[in-house]
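None of the values given here were measured: they were computed from a predicted structure. Start at 1 and go down the list; that is how both ligands and their atoms are numbered.
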Amino acid sequence: MSGRITVKSPSQLEKMRVAGRLVGETLNYLEKLVEVGISTYELDREAEAFIRKHGGVPSFLNYEGYPASICTSINEVVVHGIPNKKTKLRDGDIISIDCGAIVDGWHGDAARTFLVGNVAPEVRKLVEVTRECFFLGAEQAVEGNHLIDIARAVETHAKEYGYGVIRDMVGHGIGTSMHEPPEVPNYVDPRMGKGVKLTRGMTLAVEPMIALGTWRIVIGRDGWTCSTADGKPAAHYENTLIVGENACEVLTLV
Ligand code: MF3
Ligand code: CO
């Protein structure tokens, strides 16, 4: 992530709305397919077809060599799980689906964690609180605030439940690239300072990744799969948003 933080013009924001909407619609479509027995490969095929049918290009495909159009991260997998034919959803699983699309040169990026059948109450709670963490962070994405305000809101809520906040993966600016500056952490570190001041028209992907246990992660042998070090489940909830004067505008929720 190099270069400067960009503030998008009204016509650029309009293009980001279009891309964001497609990502949101793709996730809504996938949500209906999530059930016991479907493979993560099938979900990936459906996602790519849906994105292309609606005039988009999947942004993850071939990104730094990533081999699929979505990330499918089950239970202890935090992010970047690679879809495959062998992995089928089972009763009690949670699956985080992360999806990105480019429309007319502009990016949208979002993730949700879905429940498969009967999920243990403590895991359902984790999923619900992770979603709440996003909205509390997003509430802070207003002009005059700093990045630390988003981070603090997310971290404070997660810690109330004793959850681990993933530190090695962060949110990001987004625009004509999926990853633009600034980085958007979900935790506060005194060494970090306040972070940049937020301005209307900045576009960010805010993405709390929250674990039932430790925040420490391990990367699998495939070089992508990111799992919790203790094997406990983790949830992910992400949206692309525009920083506003009094409130942000979430682009990937439709
Ligand atoms: N959506 C992820 C993010 O927020 C990116 C997925 S990584 C990829 O950074 F390689 F799959 F593209
Ligand atoms: Co992202």
J.: Between ligand 1 and the protein, find all N/O pairs closer than 3.5 Å and give the distance for each.
T.:
residue, atom, partner, partner atom, Å
ligand 1, 1 (N), D98, OD1, 3.0
ligand 1, 1 (N), D98, OD2, 2.8
ligand 1, 1 (N), D109, OD1, 2.9
ligand 1, 1 (N), D109, OD2, 3.2
ligand 1, 4 (O), D109, OD2, 3.0
ligand 1, 4 (O), H172, NE2, 3.0
ligand 1, 4 (O), E207, OE1, 3.2
ligand 1, 4 (O), E207, OE2, 2.6
ligand 1, 4 (O), E238, OE2, 3.2
ligand 1, 9 (O), H179, NE2, 2.6

J.: Around the Co ion (ligand 2), what protein N, O or S atoms are found below 2.8 Å?
T.: D109 OD2, H172 NE2, E207 OE2, E238 OE2
J.: When you check the side-chain N and O atoms of K8 and T6, is any donor under 3.5 Å from an acceptor?
T.: yes
J.: Would you say the rings of Y29 and H54 are close, in the sense that their centroids are separated by under 6.0 Å?
T.: no
J.: Any sub-3.5 Å donor-acceptor pair from R112's side-chain atoms to E238's backbone N or O?
T.: yes
J.: Checking the side chain of D91 only, and the main-chain atoms of N118 only, is there a donor and an acceptor separated by less than 3.5 Å?
T.: yes
J.: For W224, give me all partners under ring-ring contact (aromatic ring centres under 6.0 Å, His included), at least two apart in sequence or on another chain.
T.: Y66, H80
J.: For the pair D149 (side chain) and Q140 (backbone), establish whether a donor and an acceptor sit closer than 3.5 Å, ignoring hydrogens and angles.
T.: no
J.: Could you tell me whether R52 atom CZ has more than 12 heavy atoms of other residues or ligands within 6.0 Å of it?
T.: yes
J.: Would you say N239 and T252 are linked by a side-chain donor-acceptor pair, where the criterion is simply a distance under 3.5 Å?
T.: yes
J.: Can you list, by chain and residue number, the hydrophobic cluster partners of V254 when the side-chain cut-off is 4.5 Å?
T.: none
